[in-house]
Protein chains: 2
Amino acid sequence: MPITIADVAAAAKVSKTTVSRVLNGKGELDRSTADRVRAVIEELGYVPSARAVNLARGRTRVVGMLVPSLTWPWMGEVLQGAADVLEAENYGMLLFTCNRGEESMRQFAAQVAAKSFDGLLVIEPEGTLDYIATLHSRGLPMVLIDDRDQQSGQIPSIGTTNHLGAAAAARHLLEIGRRQPLVVTGPARFGCTQQRTAGFASVYAEAGLPIDDERIMLGDFKVGCGADSVRQAIDSGLAFDAVFCHNDLSAFGAVQAIQDSGRRVPEDVAVVGFDDIPMAAHSQPPLTTVHQPMREMGEAAARTLLAHFEGAALPNRPTIIPATFTVRASTVS
Amino acid sequence: MPITIADVAAAAKVSKTTVSRVLNGKGELDRSTADRVRAVIEELGYVPSARAVNLARGRTRVVGMLVPSLTWPWMGEVLQGAADVLEAENYGMLLFTCNRGEESMRQFAAQVAAKSFDGLLVIEPEGTLDYIATLHSRGLPMVLIDDRDQQSGQIPSIGTTNHLGAAAAARHLLEIGRRQPLVVTGPARFGCTQQRTAGFASVYAEAGLPIDDERIMLGDFKVGCGADSVRQAIDSGLAFDAVFCHNDLSAFGAVQAIQDSGRRVPEDVAVVGFDDIPMAAHSQPPLTTVHQPMREMGEAAARTLLAHFEGAALPNRPTIIPATFTVRASTVS
DNA sequence: ACTCCTCGGGAGAGCGCTTTCTGGGCAGGG
DNA sequence: CCCTGCCCAGAAAGCGCTCTCCCGAGGAGT
């Protein structure tokens, strides 16, 4: 049988109360008593049962993390960022994915209701914003890691600069003399798609080179759409000397289709991605891309939530961590 | 205030015992009583507190997952595999990484001692095997996801076929007429490195083409080592028509260095990787590689652990899920 | 000498469940 | 008619902590 606080109390000839006080550093304790208790704890190798502490305190020192998928290229970075902060503060991370759709969300909801965790970090699975908002309004502390630049209303969130990031990409392409860019977007319903499209287009427009609608191809963030868009442009005889993709995966697809067509990257066509997933630096050629600070966003989200547990108010304006621009060989040789 | 079992009991005019029985389907209950209680539960939206249930039952319905890092390319797959199984069985996953070295492990140890979870899935962080073995011998149910083909003694584990996988790669290269392969290994201390080297070498040896030691270059599983090894071979005038890398990342590096030297992949040099990380299918050229079933390993590990909770014995022989071989354009055009 | 504090520490009531033990009806058997 | 058993269901004792009271002793103040 595992030893309990009562065993320690008995061995140290004090009450459970005193042991608890030593454990939590509360109340006035005689130096020698405290030392004696500590010695016994050490000797017995006593560790308070998390289960009992959770019940008694009404908190779990665990935060939930809800993500749509664990296999997205940048997900590991976000998780690592959040995990680092949580672990450093001695919090646990309970992971939930939504791989099984409705059923997943139902089970997640049950965990929420059962108060399995004190707060939530969430990368919103598509279509669950209403539900998430409901949880928030019911008082579940949460921070949204907003990868899609959605309007999340009053939910505290961490975002990045999609508009500025895309603008930086446009400026870079203009600087290297590319005047006929193609744009491969993400899904139209995402805020980030709109922001990136707008940011990119505005710079070209300001330069007196507005981008035709036919140069903006609707994508889906997958590899295939990048390749398809490029092929389609070629087939329709559209001339282009650059491709700006709304994420790195589609940029990889674009590079592939460009090279398949006998064109060179970057000499004939420069390619810029978005995200800066770990592979971007190692693709062939290495990909120039807008770096989204996923890890920092994970860290910031975790820190914000923990600060709230300490009494800080949750910010009602999104926290924005700027995206940066990374130049690699897919645009300059 | 959240509603408790007592509220339900009062509203249904029964005892807490009866409510508990309805909740857990234990004991003989009168149909009408049970229905009445269920109706009240529904009406009040009552969900038992996980914290209280955990304490009372002495179990948490949570399994810990310890991993060295969340940013490794194949980690997402393992996690997703494990998460899918756990969630389907209504278990939670508490995630631990070891990003902060000693300190991380200390905190992890505290969680173990505090019995924060019922069992553990672990991808062994290097150098912690002894500690993990200690936990196992102390009775913590666990399953090791053995990515390095280590000898884990009596710890139940899930592994794959490193020797056979590498042999398949060798056979493929022989079939396409490559007689002068280079091998870029993983760290020498890993079991998988030894297995992969042996499996690959044995096939070439059987074919009457034993591989010189100078053709086997020590790598470290990073992109750089693949490039370095290739450059080194070129500099030293070593002729080669194929490169077998012990993981995909180093294969990417190798491809890069080969192309930089003006050689073509696969025409001049065929490249084979190991792992089949998600990017392998999308690299330029797509990478022929040994597919490690990481997701299936994650699933199997979770299933094995859960089966043990249901009373099944943990297997004392490693469960092996075979690696498969995937041919792509880096070896055949 | 008496009251008032302060300080150290104990008793015990929760926290919200599960589970064992107990017991009241009621039908069937002797 | 009484005893056995079987169904149901309640009382209450945990599970292992935290935390609010409360108390006794010793020192300061008057």
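Below, chain A is the first sequence line, B the second, and so on; all start at residue 1. Just so you know, these numbers come straight off a predicted model, no measurement behind them.
For Asp35(A) and dG8(C), the CG to C1' distance is 15 Å, given to the nearest whole Å. Straight-line distance from the CD1 atom of Ile41(B) to the P atom of dC17(C): 10 Å, rounded to whole Å. Residue Asn24(B) contributes atom CG, which lies 12 Å from atom P of dT20(C) at whole-angstrom precision. To the nearest angstrom, P of dA12(D) lies 17 Å from CD1 of Ile5(B).
Using a 3.5 Å distance cut-off with no hydrogens or angles, the side chains of Gln107(A) and Glu103(A) do pair a donor with an acceptor.
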Polar atoms only, N or O, under 3.5 Å: list the protein pairs with nucleotides 9-13 of chain C and their distances.
unit_1: dG9(C); atom_1: OP1; unit_2: Thr33(A); atom_2: OG1; d: 2.4
unit_1: dG9(C); atom_1: OP2; unit_2: Asp30(A); atom_2: N; d: 2.8
unit_1: dG9(C); atom_1: OP2; unit_2: Thr33(A); atom_2: OG1; d: 3.4
unit_1: dG9(C); atom_1: N7; unit_2: Arg21(A); atom_2: NH1; d: 3.4
unit_1: dG10(C); atom_1: OP2; unit_2: Ser15(A); atom_2: N; d: 2.9
unit_1: dG10(C); atom_1: OP2; unit_2: Ser15(A); atom_2: OG; d: 2.9
unit_1: dG10(C); atom_1: OP2; unit_2: Thr18(A); atom_2: OG1; d: 2.4
unit_1: dG10(C); atom_1: O6; unit_2: Arg21(A); atom_2: NH2; d: 2.7
unit_1: dA11(C); atom_1: N7; unit_2: Thr17(A); atom_2: OG1; d: 3.4
unit_1: dA11(C); atom_1: N6; unit_2: Thr17(A); atom_2: OG1; d: 2.8
unit_1: dG12(C); atom_1: O6; unit_2: Thr17(A); atom_2: OG1; d: 3.2

Shorter than 3.5 Å, N or O on both sides, protein versus nucleotides 22-24 of chain D: list them out with atom names.
none

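Taking the screw axis at each terminus of the helix from dA1(C)-dT30(D) to dG30(C)-dC1(D) from five consecutive base pairs, the angle between the two is 60° to within rounding of 10 degrees.
Residues Phe309(B) and Pro141(B) have side chains in contact (heavy-atom distance under 4.5 Å, counting atoms from C-beta outward). Between Val14(B) and Arg36(B), some side-chain heavy-atom pair lies under the 4.5 Å cut-off. In this structure the side chain of Arg57(A) reaches within 4.5 angstrom of the side chain of Asn24(A), judged on heavy atoms. In this structure, the side chains of Tyr46(B) and Val37(B) stay at 4.5 Å or more apart for every pair of heavy atoms. The shortest side-chain heavy-atom distance between Val122(B) and Phe108(B) does not fall under the 4.5 Å cut-off. For the pair Thr97(B) and Leu79(A), the minimum side-chain heavy-atom distance is 4.5 Å or more. Between Leu314(B) and Thr304(B) there is a side-chain heavy-atom pair separated by less than 4.5 Å.
Side-chain nitrogen and oxygen atoms of Ser20(A) include none within less than 4.0 Å of the OP1 or OP2 phosphate oxygen of dC17(D).
A tilted orientation is assigned to the rings of Phe190(A) and Phe221(A), their planes being inclined by 30° to 60°.
Using a 4.0 Å cut-off on heavy atoms, the residues of residues 42-64 of chain A that approach DNA chain C are Leu55(A), Ala56(A), listed by number.
Sorted by first and then second residue, the side-chain hydrogen bond (donor to acceptor under 3.5 Å, both in side chains) pairs involving residues 118-134 of chain B (not counting sequence neighbours) are Thr60(B)-Asp118(B), Glu124(B)-Arg148(B), Glu126(B)-Arg189(B).
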CA sep, side-chain torsions, deciding dist, call: Thr18(B), Leu29(B), side-chain contact (heavy atoms from CB on, under 4.5 Å): CA-CA 8 Å; Thr18(B) 302; Leu29(B) 270 281; 3.6 Å; yes

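Rounding to the nearest 0.5 Å places CG of Leu121(A) at 12.0 Å from CZ of Phe96(A).
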Give the table of side-chain donor-acceptor pairs shorter than 3.5 Å for residues 64-74 of chain B, with sequence neighbours excluded, one pair per line with atom names and distance.
unit_1: Ser69(B); atom_1: OG; unit_2: Thr71(B); atom_2: N; d: 3.0
unit_1: Ser69(B); atom_1: OG; unit_2: Thr71(B); atom_2: OG1; d: 3.0

